[in-house]
Number of protein chains: 2
Amino acid sequence: MRIIKNEDLKQRFIAEWSYDRQFSFDIAQVAQLYLFPAKSIIVQAPDRPRDLLYLVKGKTKLYDTLANGKVALIDFFTPPCFIGEMELLDPKSPSFTVQAIEDCWCLALPMAEYQQKLLQDTTFLRSVCQYLGRKNSRNIRTSSQNQAFTLSQRLAGFILLTANDEMYEEKHTQVAQYLGVSYRHLLYVLADFVKLGYLEKVGHHYRVVQPDSLARLAREVDWKTGSTEK
Amino acid sequence: MRIIKNEDLKQRFIAEWSYDRQFSFDIAQVAQLYLFPAKSIIVQAPDRPRDLLYLVKGKTKLYDTLANGKVALIDFFTPPCFIGEMELLDPKSPSFTVQAIEDCWCLALPMAEYQQKLLQDTTFLRSVCQYLGRKNSRNIRTSSQNQAFTLSQRLAGFILLTANDEMYEEKHTQVAQYLGVSYRHLLYVLADFVKLGYLEKVGHHYRVVQPDSLARLAREVDWKTGSTEK
DNA sequence: CCTCAAGTATGAGATTTCTCATACTTACCT
DNA sequence: AGGTAAGTATGAGAAATCTCATACTTGAGG
């Protein structure tokens, strides 16, 4: 992770998502701009995050570590999106691992220093409530809809979401579990995409060669295109 | 809806879910206890709810009215659970229809009178944040897991959740959409349950005759057994 | 009274997806 | 070096689920 000392860029991100309006005090001066390179770990469970982050650019994925030690993919985040807000608000909340899919820019506020202040800040609390509420509505709606689509359609969207730099490199076992299908079937459909020319196999990974075809397939799926609607 | 003037019962419900600890002021005296009879409408979209409710006993379901006028089943709530919290917090949030599945008891706080106070109450706001965050974790986890189960298993759980007084009376069209399966297939599985003796057809409805068998089938499904874990 | 929309109901054949069996490879542990 | 766990890979048959076609019933509106 790198701290980006570019005041101008920082202010642009703040303005783009009205970050400053989510606090009752002047945040623009104290927040720092971080850059997490693609594939780097943003939060490593079970460590608690050091900062309250606000994702302003990039895509991330969230993993849970199961009781048996296995790692399960559970969700994706795109801007605008808080990271670490549950840990800030709920001391008992478990924490999850968050990884950058592509380069991710975040506005960061050190928790140790600001936790007490934030827990007393009604502007901030109301804004988090709205954020969580909208995320909820989205989840509820999409989860019951997504089941209705065939794996090809959901996988197409999934590949576009998780590919970085034209390369799709997710672990099949995790993806099968996330998409709720068998490992076997996932491989069939992947092989199909290769046969159709949408993907090209490179070692154990795949190169996206026809993003448009995938997009056409995924078109109807109300995919996680934003943590809340923009 | 009836207002229940039973101070003793009210206090018991408050204690059972630590309702009073979610506010910084003394709520026990001003909250009223409501009883919504089975099948009655608790909140009717697009009207905004008059009170902030807290479900302490009973089960409810939530509907969305689609653009085309159709009604879609989208979620279920069980105690403890706020109803109307999004409308209180987010003036722009759409509102949904909430219906009692069985008799439902709610603690009620008139919004007009308390909205301003609640929006300034950090204890309340933090508690709603935690509540929403946990609901989120639950949704995320269950939604990606549920797909992995067969319709028989999910339907078994669904029937147990939505039946009232041993009668299952949901509309097949809505259920098929909610469970993400075709109408046709839903009817096949329902017919199967009848053949197996789990259900008994009564007109267009079904009587649950072997709840245990259904429970066994549903056992593994991490069903919505609570809005947050108790 | 007629018509239309929505919900219910059932059959038949086509697709999607699953389970199980079996191998090969890689990383890590001892 | 040997062993084990995890991930990858593929085949074959079975089960789950879908699409389409077709009817019947009921309630609301003209």
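Since this is a predicted model, take the numbers as computed values, not measurements. Protein chains get the first letters and strands the later ones, always in sequence-line order, with residue 1 at the start of each.
Distance alone, capped at 3.5 Å, is enough to place a donor-acceptor pair between the Asp103(B) side chain and the Ala38(B) backbone. A donor-acceptor pair under 3.5 Å is absent between the side-chain atoms of Glu16(A) and the main chain of Val56(A), judged by distance alone. A donor-acceptor pair is defined here as one N or O able to donate and one able to accept, closer than 3.5 Å; no such pair exists between the side chain of Glu102(B) and the backbone of Asp165(B). With Gln177(A) contributing its side chain and Ala72(A) its backbone, the two residues share no donor-acceptor pair below 3.5 Å. Here the side chain of Lys10(A) pairs a donor or acceptor atom with the backbone of Ala31(A) at under 3.5 angstrom. A donor-acceptor contact shorter than 3.5 Å links the side chain of Ser95(A) to the backbone of Asp47(A). Under the 3.5 Å distance criterion, the side-chain polar atoms of Lys57(A) are left unmatched by any main-chain donor or acceptor of Phe13(A). A donor-acceptor pair is defined here as one N or O able to donate and one able to accept, closer than 3.5 Å; no such pair exists between the side chain of Thr150(B) and the backbone of Gln153(B). The closest donor-acceptor contact from the side chain of Lys59(B) to the backbone of Phe76(B) lies at 3.5 Å or more, if one exists at all. Put simply, the side chain of Arg207(A) never gets that close to the backbone of Val202(A): no donor and acceptor are under 3.5 Å apart.
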Quick test: give all pairs of protein nitrogen or oxygen and nucleotides 22-25 of chain C nitrogen or oxygen below 3.5 Å, distance rounded to 0.1 Å.
none

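Spacing between atom CG of Asp192(A) and atom P of dG11(D) amounts to 13 Å, rounded to whole angstrom units. Look at CG on Leu151(A): it is 15 Å from P on dT17(D), rounded to the nearest Å. The distance from atom NE2 of His172(B) to atom P of dC24(D) is 19 Å, rounded to the nearest whole Å. Per the geometry, CD belonging to Glu169(A) stands 15 Å off C1' belonging to dT8(D), to the nearest Å. The nearest whole Å value for the distance from the CZ atom in Arg154(B) to the P atom in dT17(C) is 13 Å. Rounded to an integer number of Å, the gap from CZ of Phe149(B) to C1' of dT17(C) is 16 Å. At whole-Å resolution of the value, OH in Tyr178(B) and C1' in dG7(C) are 21 Å apart. One interatomic measurement links the two molecules: OH of Tyr168(A) to P of dT8(D), which rounds to 9 Å at whole-angstrom precision.
Salt-bridge formation is detected for the pair Glu170(A)/Lys61(A): a Lys NZ or Arg NE/NH1/NH2 atom is positioned less than 4.0 Å from an Asp or Glu carboxylate oxygen.
Partners of Glu85(B) according to the salt bridge (Lys or Arg N to Asp or Glu O under 4.0 Å) rule, which considers only residues two or more places apart in sequence or in another chain, do not exist here. Under the rule for a side chain to side chain donor-acceptor pair (under 3.5 Å), the partners of Tyr188(B) that lie at least two apart in sequence or sit in another chain are Arg184(B).
For the contact set between residues 182-191 of chain A and DNA chain D, defined by any heavy atom under 4.0 Å, the members are Tyr183(A), Arg184(A), Tyr188(A). Of the residues in residues 194-202 of chain B, not one places a heavy atom less than 4.0 Å from an atom of DNA chain D.
One finds a side-chain N or O of Thr150(B) lying less than 4.0 angstrom from the OP1 or OP2 phosphate oxygen of dT17(D).
Taking the six-membered ring for Trp and the full ring otherwise, the centers of Tyr206(A) and Tyr198(A) sit at least 6.0 Å from each other.
Bending across the helix from dC1(C)-dG30(D) to dT30(C)-dA1(D), expressed as the angle between its end axes from five pairs apiece, amounts to 40° (10° rounding).
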